[in-house]
> 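Here it is, the structure, as structure tokens.
The sequence lines fix the lettering, A, B, ..., with proteins before strands; numbering per chain opens at 1.
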There are 2 protein chains.
Amino acid sequence: MSASATANPVRPVQEDILNAAAHCFMDRGYSATSIDDVARSLGATKGRIYHHYRSKADLFFDVFRHGMQMNFDVLVPIAESSQPTADKLRDMAKTHCIAMIRTQHFQRCVWEGVELLQRGATTPEQREVLIELQAMRDNYAEIFRTVLEAAKSEGLARFDSSSIALQLMFMSLNSPLFWYREREGQDASTIDNIASQCALFALRGLGMKEELIADV
Amino acid sequence: MSASATANPVRPVQEDILNAAAHCFMDRGYSATSIDDVARSLGATKGRIYHHYRSKADLFFDVFRHGMQMNFDVLVPIAESSQPTADKLRDMAKTHCIAMIRTQHFQRCVWEGVELLQRGATTPEQREVLIELQAMRDNYAEIFRTVLEAAKSEGLARFDSSSIALQLMFMSLNSPLFWYREREGQDASTIDNIASQCALFALRGLGMKEELIADV
DNA sequence: TTGACAACATACCCGGTAGTATGTACCTCT
DNA sequence: AGAGGTACATACTACCGGGTATGTTGTCAA
């Protein structure tokens, strides 16, 4: 109440813009998407977007941040739980994969954002934002790396380079981003089934024994 | 000799353009890459490129085709060999992965090309080209699918959906496209080592038994 | 040597897009 | 009720980039 005026209606508007932007960016890619595209999919005009975001890049970065935040929200509780390592890793893998499917449009932006980071950035102002986003993504991967190396030291998994193992695991769990499409008859169990196959593949790939991943 | 005039010097020029284009498209993505970018990296101007290609899309398509052709060239001999299924699949997986690393810039274009196909295409003329390229890519995947299903029916591999298994395998083997970078002290053995780890991960993920993939 | 053509470079056009400047309706607080 | 601010829409500018039209140079064949 005593906070900034009109604090209540602001958030849903931002959410709408973020959702529309995420969909457009997923459909056409960052540089092929125009602000007018996003506005049109909102039934609005540029003014609406530029009232809330200073630039196309800022909008994209916020989609990135939003997507990553959603990942943290579902993963951290599992990572901080006191399960055995094998159970924890299994749980994290499948949960991550389900999140990829459920928030596909945001996660595709995260993916493309990582590529944009590797390429040349834009203004120095945005550099700082990029560094922050990069750190966010790194921290997320670090959660998995910790559990991965715990699993390895406990003899639960077998791999050579943990960096490569981490990349391979993410590629497997993220793979629905690139071939999954929403259809009509798809309910929660359909998504669950896909995530199970991906997680099973990833955990097998990491060299985990069958009895540890049987019911993923 | 009696073929089209100046058949000899034409090819190197095209190769140069394709190489430069592949590098630019990898570095900045298709739509963020301008023809001037490609020309500049050649030390030339637009005229040179538009003399050989009618449009930016045509150039990109040719990079795609070139990349796929290189894949066929190395894979088909293995696929047509009379090895046992396990050996053949192992060999194909690693060979494919090495090809991804060696011709990374072309393969990144193939990857982005697949995404462009899924999105809206451009002119109807280019539609036909796209269909041809799509078929090329599908045929390539089909080679793997055949061996994959043979492996499954022989009890060498375990997976549910063969389509998903195929996707997951490709994601693993293609993963160096997104994190591998050329450095100084990298020789053939370095690449071979990376490809081994990726192939091992993929074959494990497909549920192959350890004794079949020990020396990948 | 000269015409024809290949292989470019140069100069230009024009549509699309990021970003801005301005107008306007509505809402809130005093 | 009126002043100020929010939340947009409208109208405009500036520039970039795809594509084209035209000029220039070398080469080869007759």
Side-chain angles (χ1 to χ4, degrees), chain A residues 1-21 24-25 27-63 116 119-126 129, chain B residues 1-21 24-25 27-63 116 119-126 129:
Chain A
M1 287 298 184
S2 59
S4 66
T6 66
N8 188 25
V10 163
R11 272 306 165 86
V13 173
Q14 302 250 11
E15 290 264 347
D16 285 347
I17 296 177
L18 286 179
N19 257 299
C24 289
F25 287 142
D27 287 344
R28 299 166 229 202
Y30 172 71
S31 50
T33 298
S34 73
I35 296 289
D36 290 300
D37 287 335
V38 180
R40 196 178 311 123
S41 81
L42 281 167
T45 66
K46 294 164 82 156
R48 184 165 181 186
I49 292 171
Y50 277 104
H51 181 72
H52 294 277
Y53 293 96
R54 293 191 312 175
S55 71
K56 179 182 171 183
D58 278 350
L59 172 59
F60 182 78
F61 294 158
D62 212 32
V63 174
L116 288 183
R119 299 163 182 171
T122 47
T123 75
E125 321 162 26
Q126 295 171 338
V129 184
Chain B
M1 288 298 184
S2 61
S4 66
T6 67
N8 188 24
V10 163
R11 273 306 165 87
V13 172
Q14 303 250 11
E15 290 264 347
D16 285 347
I17 296 177
L18 286 178
N19 256 299
C24 288
F25 287 142
D27 288 343
R28 300 168 225 200
Y30 172 71
S31 51
T33 298
S34 73
I35 296 290
D36 290 300
D37 287 335
V38 180
R40 197 178 311 121
S41 80
L42 281 167
T45 66
K46 295 164 83 159
R48 184 166 181 185
I49 293 172
Y50 277 104
H51 180 72
H52 294 277
Y53 293 96
R54 292 190 314 177
S55 71
K56 178 182 171 183
D58 278 351
L59 172 58
F60 181 79
F61 294 158
D62 212 31
V63 173
L116 288 183
R119 298 162 183 171
T122 47
T123 74
E125 320 163 25
Q126 296 171 337
V129 184

> Flag the pair B:D27 and A:R119 as a salt bridge only when some basic side-chain nitrogen lies within less than 4.0 angstrom of an acidic carboxylate oxygen.
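Salt bridge between B:D27 and A:R119, a charged N being under 4.0 Å from a carboxylate O: no.
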> Return the minimal non-hydrogen interatomic distance between B:C24 and B:V38, and the atom names on each side.
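Taking B:C24 first and B:V38 second, the nearest heavy atoms are SG-CA, 3.8 Å.
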> Taking A:D36 first and then A:R40, would you say they form a salt bridge - that is, a charged N and a carboxylate O separated by under 4.0 Å?
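Salt bridge between A:D36 and A:R40, a charged N being under 4.0 Å from a carboxylate O: no.
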> I need the CZ-C1' distance between B:R48 and D:dT24, as an integer number of Å.
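Computing the B:R48:CZ to D:dT24:C1' distance gives 16 Å.
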> Check the pair A:T33 / A:F60 against side-chain contact (heavy atoms from CB on, under 4.5 Å), numbers first and verdict last.
CA-CA 11 Å; A:T33 298; A:F60 182 78; over 6 Å; no
> Write down the distance between OH (B:Y53) and P (D:dT20), rounded to a whole number of angstrom.
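It is 17 Å, rounded to the nearest whole Å.
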> Polar atom pairs between nucleotides 18-22 of chain C and protein, under 3.5 Å, N or O only, would you list them?
from	atom 1	to	atom 2	distance (Å)
C:dA18	OP1	A:T33	O	3.3
C:dA18	OP1	A:K56	NZ	3.2
C:dA18	OP2	A:I35	N	3.0
C:dA18	N7	A:K46	NZ	3.0
C:dG19	OP2	A:Y50	OH	3.3
C:dG19	OP2	A:K56	N	3.1
C:dG19	N7	A:K46	NZ	3.0
C:dG19	O6	A:K46	NZ	2.6

> Any idea which of C:dA9, C:dA7, D:dC8 is nearest the B:H51 side chain?
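Output: C:dA7.
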> Just how far, in rounded Å, is C1' of C:dT17 from CZ of A:R40?
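After rounding, the reported distance stands at 11 Å.
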> Are any of A:H52's side-chain N or O atoms less than 4.0 Å away from OP1 or OP2 of D:dC8?
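For D:dC8, OP1/OP2 do have a side-chain N/O of A:H52 under 4.0 Å.
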> Measure CD1/A:I17 against P/D:dA9 and give the value in whole Å, please.
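From A:I17 CD1 to D:dA9 P: 10 Å.
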> With B:K56 as the cation and B:Y30 as the aromatic partner, state whether NZ or CZ is under 6.0 Å from the six-membered ring centre and within 45° of the axis.
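Flagged: B:K56 positioned over aromatic ring of B:Y30.
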> Calculate, to the nearest 0.5 Å, the distance between atoms CD1 and CG belonging to A:I49 and A:D37 respectively.
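Answer for the CD1-CG pair, A:I49 versus A:D37, is 9.5 Å.
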> Return the value, rounded to whole Å, for the distance between atom CZ of B:F60 and atom P of D:dG18.
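B:F60 atom CZ is separated from D:dG18 atom P by 14 Å.
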